[in-house]
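These notes concern the structure reproduced below.
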Amino acid sequence: MKTIVILLLSGLWLCSLRFFVLSTPSTYDQYWHAKTGLDFLYNGLSPLVDNYSFTHNGAPIKLQPYAFQALYGYLDTIFGFRYATILIKLAGVTLYIFAAFLFIRRVKPTFFVA
């Protein structure tokens, strides 16, 4: 049972790696998060103000993921935007699969429901 769970989760991780992590960014949100993190870390701009919107430029922003943006900006300076994006996606997928493994291990299902 444990071997099957590990094999299934490993397969899911590899499929996620191929089709999600290595895919090109499909929205401008990733660029915006990285740029906001760079401005916050290195230019001293406030992350509470939208500096890049063409519709709400200068408007206040609520509920910002500051730590995520700072991490994204920091990884962007070290690895570049493409590899920072891959690392962020890889970390998210890996944490998700690990959490699923811990959940399945705790619940100990007797069978899988499709």
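No hydrogens, no waters, no symmetry mates; every other heavy atom, side chains included, goes into these values.
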Following the transitive rule for hydrophobic clusters with a side-chain heavy-atom cut-off under 4.5 Å over Ile, Leu, Val, Met, Phe, Trp and Tyr, establish whether [X] and [Y] coincide in one cluster.
{"X": "Trp32", "Y": "Leu48", "result": "no"}
{"X": "Phe68", "Y": "Phe79", "result": "yes"}
{"X": "Tyr66", "Y": "Val49", "result": "no"}

With sequence neighbours excluded, residues passing side chain to side chain contact (heavy atoms under 4.5 Å, CB included) with Asn57: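 Counting only residues at least two positions away or on another chain, Asn57 forms no side chain to side chain contact (heavy atoms under 4.5 Å, CB included).
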Residues in side chain to side chain contact (heavy atoms under 4.5 Å, CB included) contact with Phe81, at least two apart in sequence or another chain: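 Checked Phe81 against side chain to side chain contact (heavy atoms under 4.5 Å, CB included); matches are Pro25, Gln30, Tyr31, Ala34, Tyr72, Asp76, Thr85.
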Co-members of the apolar cluster containing Leu63 [side chain, <4.5 Å]: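 None; Leu63 is a cluster of one.
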Nearest heavy-atom neighbours spanning Pro47 and Gln69: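 Taking every non-hydrogen atom into account, CB-OE1, 4.5 Å.
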Heavy-atom pair of closest approach, residues Ala70 and Phe40: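 Shortest heavy-atom separation between Ala70 and Phe40 comes out as CB-CD2, 4.2 Å.
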With sequence neighbours excluded, residues passing side-chain hydrogen bond (donor to acceptor under 3.5 Å, both in side chains) with Asp29: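 If we apply the side-chain hydrogen bond (donor to acceptor under 3.5 Å, both in side chains) test to Asp29, skipping adjacent residues, there are no hits.
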Pair up each side-chain donor or acceptor in residues 87-102 with any protein partner under 3.5 Å, not counting sequence neighbours, and list the distances.
unit_1, atom_1, unit_2, atom_2, d
Lys89, NZ, Phe20, O, 3.3
Lys89, NZ, Ser23, O, 3.3
Lys89, NZ, Ser23, OG, 3.3
Thr94, OG1, Trp13, NE1, 3.0
Thr94, OG1, Leu90, O, 2.7

Positive for side-chain contact (heavy atoms from CB on, under 4.5 Å) with Leu45, one of Thr36, Leu38, Asp39: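 Among Thr36, Leu38, Asp39, the one that satisfies the side-chain contact (heavy atoms from CB on, under 4.5 Å) with Leu45 is Asp39.
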Exceeds 12 heavy-atom contacts within 6.0 angstrom, atom OH of Tyr83: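 Check fails, neighbour count at 12 or below.
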Thr77 side chain to Tyr74 backbone, donor-acceptor under 3.5 Å: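 Such a contact is found between Thr77 side chain and Tyr74 backbone.
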